[in-house]
2 protein chains.
Amino acid sequence: MTSPSTPRRKAPDAATASALKLFVVLARAQRAIGERMEASLGAHGLTHTEFAILEALYHKGPLLLGEVQRKILVSSGGITFLVDKLADRGLVERRLCESDRRARYAVLTRKGEALMSDIFPAHAEAIREAMSGLSRAEQKQATTLLKQLGLAAATAATAAAADGSRRTAAG
Amino acid sequence: MTSPSTPRRKAPDAATASALKLFVVLARAQRAIGERMEASLGAHGLTHTEFAILEALYHKGPLLLGEVQRKILVSSGGITFLVDKLADRGLVERRLCESDRRARYAVLTRKGEALMSDIFPAHAEAIREAMSGLSRAEQKQATTLLKQLGLAAATAATAAAADGSRRTAAG
DNA sequence: TCATATAATCTTAGTACTAAGATGACAACG
DNA sequence: CGTTGTCATCTTAGTACTAAGATTATATGA
């Protein structure tokens, strides 16, 4: 029994085909790597976003909630939610800001510091392994190309979003 | 008023630094491109996953729900949910399978076909533009590198997930 | 033929985050 | 100084999907 009719579509031109192919391959690569990271972090009960917060605090020290938010690219509600969760686990705590009574610092607790000291090296190693399909030279090449691609794509997207971001700035 | 203490962390070795850099740049590029796609599809009230279903049906013709699911990499509950939504909008309908009473085909309706005829060219154009930060040769180069990277990353992830996928196969 | 294992889809409960909005605080300007 | 505009964080409702499980049907092997 064959499935119902199978349509034929016009083949794209070479430029579009090239772009579509890159799009698909890029998404797949990102997905494969992302899944490895999620598995690795999941073993510690962390989502990648939670980990990103811990990582930012670990490397940069205490940051205002808004600073963290802009660094890891989540919404304002999101940063509240995530810091709440990390605080509930005793990994992060909020501190007052002396110069602005609205603001709060997120600070790693001792427990949070210890966890990061423990898992960051393993995380870095997992990333190193995830990228090991490429040689160092290939990695650098890919980095250069993707940086160029990402900046160009983000520039146009930023222009389109410029009005939108004014409205969503309040989170 | 400076923020509280700012810690110093040991610098990673060159191999790890290279991998970490590629990881960040890849994620950013994917995010930038993804945001452009979401904006483009959102204008038609479609999530990228919904679009992926429509696209698969548009190019391949009717497919069993499980075939669609495996093609776009969503869970079994997810395909039910998404096809329900597309069916509610009259873009897709379910058809019986003569040879297997459990199975269902997802089929584009006339309305769904018309929508795809309308928006697929624009979508392809949007992808072409999103990738226009790279020349055709650069795109090919990036495709080659990322394919290699993605396959290597997915191979190891598949091995690790082999046990897990046995348990999640029921979706 | 029959029992067991596997498969296709649906159902249900849950999760990680977003968008929209609220509240209180600060900045800017006349 | 007072008013208005802007900002930092929190609250609330909502969304897109996942994981786990249920039900029915098919495949496999003795």
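Chain letters run A, B, ... following the sequence lines, proteins first and then strands; every chain starts at 1.
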Asks: Check the distance between dC7(D)'s P and Leu64(A)'s CG and give it to me in whole angstrom.
Replies: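 It works out to 15 Å between those atoms.
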Asks: Return the set of residues passing ring-ring contact (aromatic ring centres under 6.0 Å, His included) with Phe51(B) (not counting sequence neighbours), or none when no residue passes.
Replies: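 Expected list: His123(B).
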Asks: Not counting sequence neighbours, which residues clear ring-ring contact (aromatic ring centres under 6.0 Å, His included) with Phe23(A)? List them please.
Replies: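 Result, ring-ring contact (aromatic ring centres under 6.0 Å, His included) vs Phe23(A): none returned.
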Asks: Between dG21(D), dT18(C), dT9(D), which nucleotide gets closest to the side-chain atoms of Leu65(A)?
Replies: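 Out of dG21(D), dT18(C), dT9(D), the nucleotide with an atom closest to Leu65(A)'s side chain is dT9(D).
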Asks: I need the CZ-P distance between Arg70(B) and dT18(D), as an integer number of Å.
Replies: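 Rounded to the whole Å, the gap is 15 Å.
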Asks: Using five pairs at either end of the helix from dT1(C)-dA30(D) to dG30(C)-dC1(D), determine the angle between the two local helix axes and round it to 10 degrees.
Replies: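 It comes to 30° between the two terminal axes.
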Asks: Starting from P on dA25(D), measure out to CD on Glu98(B) and report it in whole angstrom.
Replies: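 Spelled out: CD on Glu98(B) to P on dA25(D) is 17 Å.
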Asks: Ignoring the backbone of Ala103(B), work out which of dA8(C), dC17(D), dC10(D) is nearest its side chain.
Replies: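 Out of dA8(C), dC17(D), dC10(D), the nucleotide with an atom closest to Ala103(B)'s side chain is dA8(C).
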Asks: Calculate the interatomic distance between Glu35(A) atom CD and dT18(D) atom P; express it in whole Å.
Replies: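 Taking atom P of dT18(D) as the reference, CD of Glu35(A) is at 11 Å.
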Asks: OP1, OP2 of dA25(C) versus side-chain N and O of Arg101(A): anything below 4.0 Å?
Replies: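 Yes, because at least one side-chain N or O of Arg101(A) sits under 4.0 Å from OP1 or OP2 of dA25(C).
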Asks: Only counting residues at least two apart or in another chain, list the ones meeting side-chain hydrogen bond (donor to acceptor under 3.5 Å, both in side chains) with Lys85(B).
Replies: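 side-chain hydrogen bond (donor to acceptor under 3.5 Å, both in side chains) check on Lys85(B) returns Glu50(B).
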Asks: Determine, stepwise, if the pair Glu113(A) / Tyr58(A) fulfils side chain to side chain contact (heavy atoms under 4.5 Å, CB included).
Replies: CA-CA 7 Å; Glu113(A) 288 270 3; Tyr58(A) 187 61; 3.9 Å; yes
Asks: Please determine if Lys60(A) and Glu67(A) form a salt bridge, counting it only when a charged side-chain N lies under 4.0 Å from a carboxylate O.
Replies: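 Salt bridge flag = no for Glu67(A) with Lys60(A).
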Asks: Measure the distance from CZ on Arg104(B) to P on dC10(C) and round it to the nearest whole Å.
Replies: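 Computing the Arg104(B):CZ to dC10(C):P distance gives 7 Å.
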Asks: Examine the side chains of Thr109(A) and Glu93(A) and answer whether a donor and an acceptor come within less than 3.5 Å of each other.
Replies: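 Short answer, no.
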Asks: Rounded to the Å, how far apart are Asp100(A) CG and dC26(C) P?
Replies: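 Result: 5 Å.
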Asks: If you measure from the Lys or Arg side-chain nitrogens to the Asp or Glu carboxylate oxygens, is any gap between Arg94(B) and Asp84(B) under 4.0 Å?
Replies: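 Looking at Arg94(B) and Asp84(B), the cut-off is met.
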Asks: Provide the full list of side chain to side chain donor-acceptor pair (under 3.5 Å) pairs with a residue in residues 21-31 of chain A, sequence neighbours left out, each pair given once.
Replies: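 Passing the test, one end in residues 21-31 of chain A: Arg31(A)-Glu35(A).
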Asks: List every contact pair, protein side and nucleotides 14-16 of chain C side both N or O, where the distance is under 3.5 Å.
Replies:
| from | atom 1 | to | atom 2 | distance (Å) |
| --- | --- | --- | --- | --- |
| dA16(C) | OP2 | Lys85(A) | NZ | 3.3 |

Asks: Could you check how far CZ of Arg102(A) sits from P of dT11(D), rounded to whole Å?
Replies: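 Those two atoms, CZ and P, are 17 Å apart.
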Asks: Would you mind telling me which of Glu138(B), Lys140(B), Met131(B) makes a side-chain contact (heavy atoms from CB on, under 4.5 Å) with Ser18(A)?
Replies: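 Of the listed options, the one satisfying the test is Lys140(B).
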Asks: Could you tell me how far apart Ile79(B) (CD1) and dC10(C) (C1') are, to the nearest whole angstrom?
Replies: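 Ile79(B) atom CD1 is separated from dC10(C) atom C1' by 12 Å.
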Asks: Give one of base, sugar-phosphate or nothing for Gly66(B), where a contact means two heavy atoms less than 4.0 Å apart.
Replies: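 Sugar-phosphate only.
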